[in-house]
Amino acid sequence: MTEHDAQPRAQRDQAHGATGGEAVRHDTGQGTARPDAGRETGQDNGAQVNTGSETAGVPEAAIPELVIISGMSGAGRSTAAKCLEDLGWFVVDNLPPALIPTMVELGARSQGNVARIAVVVDVRGRRFFDNLRESLADLDTRGVTRRIVFLESSDEALVRRFESVRRPHPLQGDGRIVDGIVAERELLRELRGDADLVIDTSSLNVHELRAKMDAQFAGEEEPELRATVMSFGFKYGLPVDADLVADMRFLPNPHWVPELRPYTGLNEEVAAYVFNQPGAKEFLDRYAELLRLIATGYRREGKRYVTIAIGCTGGKHRSVAMSEKLAARLAAEGVETVVVHRDMGRE
């Protein structure tokens, strides 16, 4: 990874957190990958989702793509939903099936802002299942592109998972866990037969399940990694949410230079002072290279968010300057990056 003199376009947001640190989003110029949501169906049922317009010049409503996630309790529905959320889908958990067409309608009215919707449904009663069947038939008549993902697992694996978390199966009632599993499997038999994708998670861990979902829904693009680069002062404590921490106290402190003391690492003179010190540029080059290696592993393991903390004594000079440069490097590599200066201005 090489030094980039030109900084990426940055948008400064209002600070977050109790200390009033400043947050900066480094725009990579890449949005969340979305399939073409503007497909025409040629249908207008006159009810809720209008796929055509009778008024000249009014754009046609874009019907969102829909994925319905269901399956056995304990088989990984929540993990599958989280994976789609990380891929940019709008995810709704435990939505009553009768409201699925309404959710599609709202997505169609969003002017393309909600192009892909994933709904997690939990079938626990016969009437509930009947509502789902009616909703699916309604969606089919509207020409909505929809897929059903069914999460399956063996009885032995499900029993082991419920016992490990010491929770009852939602359908076991006064019986055993296995009784609830049998009842749910029978209730879901027809839905499983209608599924477009069945994933057996009996021998899968969380990372392997995410990889399977990525393979089906990420398309040709690699799932996006989002990074937060946070400057902080060690005297105020380590950030509790940091995945990686680097210490800039090996560099001379601009605080002891009278003409630089009032300023922060956002000041050009302060940044120039920091990066003219022995080891500063070398650290930036090697740490950025290390982060490239780590980012590849994070993507492979299904991790989509990383917080990189850069610290100095007070979180005002060295850590701020280094965080800005590092964020620019990450943005140049296509990583969506936000900079947060947690302790700047705290003195």
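Just so it is clear, the values below take in all heavy atoms, side chains as well, and ignore hydrogens, waters and symmetry mates. On a predicted model such as this, the values are computed, not experimentally measured, just so you know.
- Side-chain contact between Val121 and Leu95: absent, with no pair of heavy atoms (C-beta onward) separated by less than 4.5 Å.
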Tyr305 vs Asp243, side-chain hydrogen bond (donor to acceptor under 3.5 Å, both in side chains): CA-CA, chis, key distance, verdict: CA-CA 9 Å; Tyr305 304 93; Asp243 297 295; over 6 Å; no
Report, one line per pair, each donor and acceptor closer than 3.5 Å where one atom sits in a side chain of residues 249-258; sequence neighbours left out.
residue : atom : partner : partner atom : Å
Arg249  : NE   : Asp247  : OD1          : 3.0
Arg249  : NE   : Asp247  : OD2          : 3.1
Arg249  : NH2  : Asp247  : OD2          : 2.9
Asn253  : OD1  : His255  : N            : 3.0

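- At most 12 non-hydrogen atoms from other residues, nucleotides or ligands lie less than 6.0 angstrom from NZ of Lys281.
- Residues meeting the side chain to side chain contact (heavy atoms under 4.5 Å, CB included) test with Asp155, sequence neighbours left out: Ile181, Arg185.
- Not a single donor-acceptor pair under 3.5 Å links the side chain of Arg318 to the backbone N or O of Cys312.
- For Glu268, the CD atom sits in a loose shell: 12 or fewer heavy atoms of surrounding residues, nucleotides or ligands are nearer than 6.0 Å.
- The minimum heavy-atom distance linking Cys83 with Met213 is given by the pair SG-CB, 3.5 Å.
- Residues Val206 and Met72 do not share a hydrophobic cluster, clusters being chains of Ile/Leu/Val/Met/Phe/Trp/Tyr side chains in contact below 4.5 Å.
- Phe234 belongs to a hydrophobic cluster with Phe232, Leu238, Val245, counting contacts under 4.5 Å between side-chain heavy atoms of Ile, Leu, Val, Met, Phe, Trp and Tyr, direct or through other members.
- For Tyr287, the ring-ring contact (aromatic ring centres under 6.0 Å, His included) test picks out Phe283, with sequence neighbours left out.
- Pro239 is not listed as a side-chain neighbour of Thr307, based on a closest heavy-atom distance of 4.5 Å or more.
- Annotation: side chain of Ile68 is in contact with side chain of Leu136 (closest heavy-atom distance under 4.5 Å).
- Shown here are the side-chain hydrogen bond (donor to acceptor under 3.5 Å, both in side chains) partners of Glu269, two or more places apart in sequence or in another chain: Asn267.
- For Tyr263, the ring-ring contact (aromatic ring centres under 6.0 Å, His included) test picks out no residue, with sequence neighbours left out.
- Sorted by first and then second residue, the ring pair (Phe, Tyr, Trp, His ring centres under 6.0 Å) pairs with a member in residues 158-184 read Phe162-His169; sequence neighbours excluded.
- In terms of heavy atoms, Arg329 sits closest to Ala288 at NH1-CB, 3.7 Å.
- Using a 4.0 Å cut-off between charged nitrogen and carboxylate oxygen, Glu289 and Arg292 count as a salt-bridge pair.
- Annotation: ring-ring contact (aromatic ring centres under 6.0 Å, His included) contacts of Phe150 (sequence neighbours excluded): none.
- Residues Thr79 and Thr201 form no side-chain contact, since every pair of their non-hydrogen atoms from C-beta on lies 4.5 Å or further apart.
- No donor-acceptor pair under 3.5 Å is formed between the side chain of Asp343 and the backbone N or O of Gly315.
- No side-chain heavy atom of Arg142 sits less than 4.5 Å from a side-chain heavy atom of Ile63.
- Take Arg189 and apply the side-chain hydrogen bond (donor to acceptor under 3.5 Å, both in side chains) test, not counting sequence neighbours, and it matches Glu186.
- Contacts of Arg146 classified as side-chain hydrogen bond (donor to acceptor under 3.5 Å, both in side chains), with partners at least two apart in sequence or in another chain: Asp140.
- Residues forming a side-chain hydrogen bond (donor to acceptor under 3.5 Å, both in side chains) with Ser231 (at least two apart in sequence, or on another chain): His341.
- Applying the ring-ring contact (aromatic ring centres under 6.0 Å, His included) criterion to Tyr273, with sequence neighbours excluded, gives no partner residue.
- Looking at Arg116 and Glu65, no side-chain N of the basic residue comes within less than 4.0 Å of a carboxylate O on the acidic one, giving no salt bridge.
- Closest of all the heavy-atom pairs between Val270 and Gly265 is CG1-CA, 3.8 Å.
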